[in-house]
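Down below is the structure, laid out as structure tokens.
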Number of protein chains: 2
Amino acid sequence: MLEGKFDEASLLKKIVDSIKDCVKLCNFNCTEHGITVQAVDDSRVLLVSLLVGQSAFSEYRCDRDITLGIDLESFSKIIKCGNNEDYLTLLAEDSPDNVMTIFEDKKKERVSEYSLKLMDIDSEFLKIDDMDYDSVINMPSGEFSKIVRDLKNLSESLNIIVTKDSVKFSSEGENGTGSVVLKPYTDMDHPEESINVNLENPVDLTFGLKYLSDIIKATSLAGTITIKLADKTPALFEYKLDAGGYLRFYLAPKFDEDD
Amino acid sequence: MLEGKFDEASLLKKIVDSIKDCVKLCNFNCTEHGITVQAVDDSRVLLVSLLVGQSAFSEYRCDRDITLGIDLESFSKIIKCGNNEDYLTLLAEDSPDNVMTIFEDKKKERVSEYSLKLMDIDSEFLKIDDMDYDSVINMPSGEFSKIVRDLKNLSESLNIIVTKDSVKFSSEGENGTGSVVLKPYTDMDHPEESINVNLENPVDLTFGLKYLSDIIKATSLAGTITIKLADKTPALFEYKLDAGGYLRFYLAPKFDEDD
DNA sequence: CGTGGACATC
DNA sequence: GATGTCCACG
């Protein structure tokens with residue numbers, strides 16, 4: 001039996017909204033440690049990996065592993081039925097046909113329950129190894145979001161060049177080119193505003209802006225994004241959940257024609 | 001001669017917007033006590049009953065009874081020509097071909113006049129008797145609106161069960177089910193947030209969400225909705241106008257096949 | 001944070 | 001034309 005209670009429905013809402021535009025169906029794998037999701041986007045390019053740790057719940061209990069095959073669009077509609085600050089509880093039996101979502105108003109005695117029919121969803125669970133990256137960037141998630149939104153107007157690709165003392169995002173299109181250069185910067189008063197670059201080796205990589213646009217939908221989940229880059233390796237874009245857990249996106253860079 | 005002046009054009013705008021989606025044509029019956037409208041929606045299922053009391057006007061005069069046959073879509077377009085906070089005056093002769101709508105800006109000396117051609121509209125005026133209901137619910141109109149919008153995602157019918165200490169709204173569809181349970185609740189500081197249930201007899205009734213969706217368009221007219229229910233009897237959904245009057249909707253419950 | 005209006009989309 | 005989403009306001 002699974003019983004997971006969020007102190008604020010808005011957390012689950014943000015999580016689901018962050019991935020539902022690129023993943024339609026996915027399995028929620030519930031274990032005693034929390035809930036994980038692994039899925040590829042519909043074009044099978046972007047890999048999404050979510051962990052909602054046990055600590056992100058105000059109450060959590062999962063006696064044995066349970067898989068919930070969820071249609072995220074329907075689930076999203078259900079989540080919108082609660083208010084952001086309601087308690088939200090997920091309930092499922094050990095071999096469930098349905099998952100129950102329960103909202104409780106913190107003041108009034110209002111309780112809403114929604115049952116969602118589950119689906120059988122095929123999916124291999126990939127073991128993703130921790131690895132060493134050439135460059136690791138930490139920056140405000142909103143700033144990364146704006147860069148992606150701005151440069152998307154110019155072309156379909158975003159080039160990221162990390163050197164010892166700067167990160168350059170740039171895009172070249174028919175109508176013009178654009179670039180944003182960031183220097184590492186530490187804001188004592190507002191640490192979340194800091195830009196941190198950890199450089200093992202310089203990198204020069206290009207990504208599809210279509211996928212980056214999906215990634216930045218998670219911006220509201222965390223004030224900071226961590227971008228880990230290495231040559232010819234899927235990049236990792238990570239949003240850490242304050243309450244415990246993460247939403248990670250893996251995206252392979254575009255390769256030059258001669259590779 | 002009719003001369004009715006609203007202190008705020010927005011009041012008439014809200015009223016017309018509240019009913020124009022389900023009623024295309026209707027008679028405005030003007031008497032010395034104010035203006036009443038009675039109409040059925042286009043599918044002849046929902047009965048709409050409006051009273052704009054004399055007190056809702058800042059100035060009101062109606063020497064003898066006048067009937068204004070109005071096309072609400074055209075009228076709505078005219079009303080949108082004023083600003084919300086303008087004075088709005090309705091003018092009509094005793095046997096009018098037209099009704100005049102006059103907007104006056106409160107500060108500027110701007111006056112706009114629009115004349116709308118009237119129509120001959122057949123309609124029996126039903127005498128609706130006050131009656132005793134089994135259950136009477138008072139709740140925030142916005143909360144009722146949200147319940148209808150949320151449960152409409154699931155199916156076409158809304159079931160309402162009122163018992164001694166709770167009101168349960170529920171809906172069952174193919175992809176899942178949903179329910180909202182409210183307990184009576186008194187908010188001293190914000191009385192409009194209170195939920196009040198007056199129970200003579202428990203009820204268990206089902207309504208078409210299509211019609212309820214039309215009803216909740218009146219939400220902005222009043223902070224509170226009163227729902228009066230009785231077995232095998234049209235339910236009454238009432239929005240009271242602060243300034244005096246009401247907008248009432250009568251909707252018959254769905255009957256079980258075996259009735 | 002919730003509400004209402006405006007805009008863009010289907 | 002109607003709906004859903006976004007943004008600004010209270």
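Owing to the predicted nature of the structure, the values given are computational and were not obtained by experimental measurement. Within every chain, numbering begins at 1; the chains are lettered A, B, ... in the order of the sequence lines, protein sequences first and strands thereafter.
- Counting any heavy atom pair closer than 4.0 Å across all strands shown, B:Glu73 reaches sugar-phosphate atoms only and no base atom.
- The distance from atom NZ of B:Lys80 to atom P of C:dA6 is 10 Å, rounded to the nearest whole Å.
- Counting to the nearest Å, the P atom of C:dA6 and the CG atom of B:Asn83 are 11 Å from each other.
- When distances are taken from the side chain of B:Asn84 to each of D:dA2, D:dT5, C:dG5, the shortest belongs to C:dG5.
- The aromatic rings of A:Phe57 and A:Phe6 sit tilted relative to each other, their planes meeting at an angle between 30° and 60°.
- For the residue pair A:Ser194 / A:Asp187, no side-chain donor-acceptor distance below 3.5 Å is found, with atom types taken as modelled.
- Nearer to the 5' terminus of DNA chain D, by closest-nucleotide assignment, is the contact made by B:Lys77 (compared with the other of B:Asn153 and B:Lys77).
- Contact check on A:Arg110 versus A:Asp86 returns a salt bridge, with a Lys/Arg side-chain nitrogen under 4.0 Å from an Asp/Glu carboxylate oxygen.
- Across the protein-nucleic acid pair, B:Asp17 atom CG and C:dG5 atom P stand 9 Å apart, rounded to whole Å.
- In this structure, A:Lys5 is positioned above the aromatic face of A:Tyr87, its NZ or CZ under 6.0 Å from the six-membered ring centre and within 45° of the axis.
- A straight line from CD1 of B:Ile216 to C1' of D:dT3 spans 13 Å, rounded to a whole angstrom.
- Distance NZ (B:Lys217) to C1' (D:dT3): 10 Å, rounded to an integer number of Å.
- Residue B:Phe144 contributes atom CZ, which lies 16 Å from atom P of C:dT3 at whole-angstrom precision.
- When distances are taken from the side chain of B:Ser220 to each of D:dT5, D:dA2, C:dG4, the shortest belongs to C:dG4.
- As a whole-Å value, the separation of A:Asp21 CG from D:dC6 P is 9 Å.
- The NZ atom of B:Lys210 sits 11 Å away from the P atom of D:dT3 (whole-angstrom rounding).
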